[in-house]
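Since we're looking at a predicted model, the values are computed, not measured.
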Amino acid sequence: MHDCAAPPVGPLPGVIAAAPSFGAARRFAGGAGRCAPVAALLLALLLGACASGPRTGGGDGPPSDPPRGLERTPDAVPRIEPLRSGGPNKPYRVLGRDYTPEARDVPMREQGLASWYGRKFHGRRTANGEVYDMYAMTAAHKTMPLPSYARLRNPSNGAEIVVRVNDRGPFVQGRVIDLSYAAARKLGVDGVAPVEVERLTFDAIRTGDWRRPAPVAPGDAAPGGAVAAAPMTAPPPPTARTQAPVSVPSPSAAPAAAMVQRAGEPTASADTYGFWVQLGAFRERGGAEEFQQRVSADLGWLAPLMAVFSDAPLFRLQAGPYASLDDARGAAERVREALRLVPVIVERR
């Protein structure tokens, strides 16, 4: 268990404050008798480090020589693991605040800031007694039952990962989850970043409902500008159907229910001009076509508008074209509500 892994949001992304092990701080606080004043002083000094400035050589940070390809680290594979009311799931107190972890298999969803922790805690014990591996797809949460599996989405780039939650933290206002170094790299979190967190229940794991098409990692996306598109409450119906799939760059970044992007090089033909709603990007055509079938089964109104676009090395599933941005926004909002994913609106002209 640890108490913080990154400084408050500021102009220096990727800077992480030095932080003591929460377990070590608790052991200091456990002194008694004549040692109590010294223990209290040591505890104050240790916990005070969480508010310190940028890390130094003795603080937390990335590994000196990280292995290549961390962005392609496989997600954690959810499995049903028993929960118990005691141990890592019993109530605890940190920095003057009481926390009561959930010990039942219940759905949990929240939005907030994600941070990460690295080499300082590498090899140390987590809250549930496991050894922290900064190259594994794990995370820390203040109240999620341990162990749990959670899906995280970074709305600024569309990246999505699945992690195993086996630790407690972060104890910094506004932050909801601490990621391992590898998980942060894969999700595109350099310092702190807003994320959406969803705990995977036993039913979702048992039935396989937790599975979704893997979105493209941030490093795989083509460059391009993006601006937020506000959702519509009463979406209009689609207006046209595509005839010929073309190459389209993927979005770069913008937190919103949907994003709008203009292709840098106009390669579309006249019958594909307009706005398109991208539902996903895949490294294999089979994955895109499989997801297309699943969406068609759930959203019959969208089925005749979908097409798989080849943009080597990616295959993009998109729906359109729509005559106006408002039409595309409406369709994107309907897709978001029905499928719980963040579509991307692409303009072709």
Side-chain angles (χ1 to χ4, degrees), residues 1-6 19-31 39 43 46-47 49-50 60 75-110 112-152 161-184 187 195 197-206 210:
M1 188 180 299
H2 61 286
D3 45 329
C4 65
S21 161
F22 173 73
R26 186 170 53 184
R27 287 193 293 274
F28 273 118
L43 176 59
L46 280 170
L47 296 181
C50 284
D60 198 6
D75 283 353
V77 179
R79 60 190 180 93
I80 297 176
E81 301 186 50
L83 303 175
R84 56 193 179 101
S85 57
N89 295 321
K90 65 183 180 181
Y92 64 95
R93 185 178 181 84
V94 174
L95 298 174
R97 291 193 58 182
D98 295 318
Y99 298 90
T100 302
E102 182 60 70
R104 300 168 300 162
D105 174 37
V106 294
M108 299 175 68
R109 290 188 179 92
E110 60 185 328
L113 295 177
S115 50
W116 59 272
Y117 57 123
R119 67 168 183 265
K120 182 174 182 179
F121 300 93
H122 187 64
R124 297 188 183 183
R125 295 289 177 181
T126 64
N128 69 348
E130 299 174 357
V131 176
Y132 172 61
D133 180 359
M134 64 179 169
Y135 301 126
M137 294 293 287
T138 61
H141 192 277
K142 291 186 284 289
T143 58
M144 196 174 289
L146 300 185
S148 284
Y149 292 86
R151 176 188 291 111
L152 283 82
I161 62 173
V162 174
V163 297
R164 184 171 181 269
V165 182
N166 65 351
D167 205 359
R168 293 292 177 214
F171 303 106
V172 177
Q173 184 68 30
R175 298 183 197 171
V176 298
I177 199 163
D178 254 352
L179 303 173
S180 67
Y181 178 69
L187 194 59
V195 296
V197 181
E198 175 189 5
R199 179 180 180 269
L200 304 179
T201 63
F202 288 173
D203 283 344
I205 296 174
R206 186 179 297 109
W210 65 272

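Without hydrogens or angle criteria, Asn89 side chain to Arg84 main chain gives a donor-acceptor distance under 3.5 Å. Checked by atom type and distance alone, the side chain of Tyr92 never pairs as donor or acceptor with a backbone atom of Arg168 at under 3.5 Å. Listed for the Arg124 side chain is no donor-acceptor partner under 3.5 Å among the backbone atoms of Tyr132.
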Can you give me every donor-acceptor pair (side chain of residues 139-147, partner residue at least two apart or in another chain, under 3.5 Å) with its distance?
from	atom 1	to	atom 2	distance (Å)
His141	ND1	Thr143	N	3.1
His141	ND1	Met144	N	2.9
His141	NE2	Glu110	OE2	2.3
Lys142	NZ	Pro170	O	3.1
Lys142	NZ	Arg175	O	2.7

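Note that CZ of Arg125 and CD of Glu130 are 9.0 Å apart. Values are rounded to the nearest 0.5 Å. Atom OG1 of Thr126 sits about 8.0 Å away from atom CZ of Arg164, to the nearest 0.5 Å. Here the OH-CG distance, from Tyr149 to Asn166, works out to 9.5 Å after rounding to the nearest 0.5 Å. Here Thr138 contributes atom OG1 and Leu179 contributes atom CG; the two are 8.5 Å apart, rounded to the nearest 0.5 Å.
Side chains of Leu187 and Trp116 form no contact here, defined as non-hydrogen atoms less than 4.5 Å apart. A heavy-atom distance below 4.5 Å is not found between the side chains of Val197 and Arg109.
Considering all non-hydrogen atoms of both residues, Met108 and Glu102 come closest at SD-CB, 4.5 Å. For the residue pair Tyr117 and Asp167, the shortest heavy atom distance occurs at OH-OD2, 3.0 Å. Between Pro78 and Val162, the shortest heavy-atom distance links the atoms CG-CG1, 3.9 Å. Considering every non-hydrogen atom in both Met137 and Ser180, the closest pair reads CA-OG, 4.1 Å. Closest non-hydrogen pair, Asp105 versus Asp203, comes out as OD2-N, 4.4 Å. Across all non-hydrogen atoms, the minimal contact from Ala136 to Ala182 is O-CB, 4.1 Å.
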Show your working on side-chain contact (heavy atoms from CB on, under 4.5 Å) between Leu83 and Phe202 and close with a plain yes or no. CA-CA 11 Å; Leu83 303 175; Phe202 288 173; 4.1 Å; yes
